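Residue numbers start from 1 in every chain, and the chains themselves are labelled A, B, ... in the order their sequence lines are given, proteins ahead of strands. Just so it is clear, the model here is predicted, and its values are computed rather than measured. Just so it is clear, the values below take in all heavy atoms, side chains as well, and ignore hydrogens, waters and symmetry mates.
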Number of protein chains: 2
Amino acid sequence: MKTTKQYGKHADAALGMWVKLARAYATFNRETVKDIRRYGLTQPQFGALECLGHLGAMTIGDLSRKMLVSGGNMTCVVDNLEKEGLVRREHSHEDRRAVIVALTEKGDTLFQEIFPEHAERITQLAAVLSEAEQAELSRLLKKLGQALAD
Amino acid sequence: MKTTKQYGKHADAALGMWVKLARAYATFNRETVKDIRRYGLTQPQFGALECLGHLGAMTIGDLSRKMLVSGGNMTCVVDNLEKEGLVRREHSHEDRRAVIVALTEKGDTLFQEIFPEHAERITQLAAVLSEAEQAELSRLLKKLGQALAD
DNA sequence: TCATTATGCTTTAAGTTTAAAATATATGGA
DNA sequence: TCCATATATTTTAAACTTAAAGCATAATGA
């Protein structure tokens, strides 16, 4: 959304940057969602599958923190993945409050199959930028994201 | 989420970039949501208010396209804004299918009051990057976002 | 002119998302 | 040891989000 009003040079630059960040994210995300839908998954479900597939079993709390979403939300996502037989819940022996979630064999098989294809699609989408541009964008985004994470 | 698996040099770079984009967005967004909540609004509500405040009355379809969300969703957002007396719906004379949504006086007053403060907050958040970095980030994000919008 | 196709908004159903509340468990200090 | 505080997960309520369906209106072509 293009602002026509002036709020100061610094503010206008910052607002413009934020708008472009939000739009680039929304647009890129829409394409990834389209790809993921081919596998019968929603994006949050795919994200959880990916997290578990790469990093292994973990508590729901850890999963929600890695994915930057709330615990209540992750409960819902895991509920649906469990319904599809892609993950299983186990209670932790170390801490009886905690629930460990892991990929089932079915879930791991699906992950192994679809992640490379999805990675290929992400590569295609990112190809509008050169390698150097991708690297620079990564550097700046990392700087922005990490500074605000504190 | 850090991938430990190798999918090829190009794919790894693209995946890394996408992860950083998603995380930077999520983190920056969380901060903007926190600011907006001070005014008793949700983020989508604030976005609609901002759009109407800057660009004036428009159809619900136009609004949803500018905000890159679905029409069904915008109906819901506008419903709640209408409930708060911040916007009003009017039927279009040119096209009787269309609904025009505009800020009420109450809505405009609120917008005029809170947007400058919010802009200030965005400026603060963006200040972890230099002016040059902000400009470069904007350029790359614009390039990425526009290429995918086609 | 009329029928077919397209389009605008709303509703529906399912999933996501949050903060806060609820319940059980763990931790730390007196 | 005991109690206050903290924490893990789930539930609840409200809002968001999508695609598809529904309904009304507009556009187009025979």
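The CZ-P distance, from R65(B) to dT7(C), rounds to 10 Å in whole Å. In this structure, I100(A) atom CD1 and dT9(D) atom C1' are separated by 12 Å, rounded to whole Å. Whole-Å rounding puts the M58(B) CE to dC9(C) P distance at 12 Å. Counting to the nearest Å, the C1' atom of dA15(D) and the CD1 atom of I36(B) are 14 Å from each other.
Counting only heavy atoms from C-beta on, C76(B) has its side chain closest to dC16(D) among dC9(C), dT17(C), dC16(D). Of the candidates dA24(C), dG8(C), dA19(C), dA19(C) carries the atom nearest the R37(B) side chain, counting heavy atoms from C-beta on. Listed nucleotides dT10(D), dC16(D), dT17(C) differ in distance to N80(B); the shortest reach to its side chain belongs to dC16(D). Looking at the side chain of S70(B), the nearest of the listed nucleotides dT18(C), dT10(D), dT18(D) is dT18(D). You'll find that the side chain of R97(A) is closest to dA8(D), out of dT10(D), dT18(C), dA8(D). Closest contact between the side chain of T42(A) and the listed nucleotides dT16(C), dA8(D), dT18(C) involves dT16(C). The side chain of P44(B) sits closest to dT17(D) out of dT18(D), dT17(D), dC9(C). Ranking dC9(C), dT18(D), dC16(D) by closeness to the V77(B) side chain, first place goes to dC16(D).
Here E136(B) does not pair with R139(A) in a salt bridge; the nearest charged N to carboxylate O distance is not below 4.0 Å. Of the charged side-chain nitrogens involved, none lies within less than 4.0 Å of a carboxylate oxygen, so that E82(A) and R88(A) do not count as a salt-bridged pair. Classification of R121(A) and E31(A) as a salt-bridged pair holds, one side-chain N sitting under 4.0 Å from a carboxylate O. Salt-bridge check for D35(B) with R30(B): failed, with every basic side-chain N at 4.0 Å or more from each acidic carboxylate O.
Residue contacts shown for G72(A) include a base, since a base heavy atom lies under 4.0 Å away. Across all strands shown, T59(B) has heavy atoms under 4.0 Å from sugar-phosphate atoms exclusively, and none from any base. Residue G61(A) is classed as a sugar-phosphate contact, given heavy-atom separations below 4.0 Å to backbone atoms only. Nucleic acid contact class of D95(B) (heavy atoms, under 4.0 Å, all strands): sugar-phosphate only. Among the heavy atoms of the strands lying under 4.0 Å from Q45(A) are primed sugar atoms or P, OP1, OP2 only; no base atom is included.
Both K83(A) and E94(A) lie close to DNA chain C; mapped to their nearest nucleotides by heavy-atom distance, the more 5′-ward contact belongs to K83(A). Position along DNA chain C of the nearest nucleotide to D79(B) versus R30(B) favours D79(B) as the more 5'-ward residue.
Regarding contacts with the backbone of dG8(C), every side-chain N or O of R96(B) stays at 4.0 angstrom or more from both OP1 and OP2. Residue R89(B) places at least one side-chain N or O closer than 4.0 Å to OP1 or OP2 of dT10(C).
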Residue pair D62(A), T59(A): steps toward the side chain to side chain donor-acceptor pair (under 3.5 Å) verdict: CA-CA 5 Å; D62(A) 283 340; T59(A) 64; 3.2 Å; yes
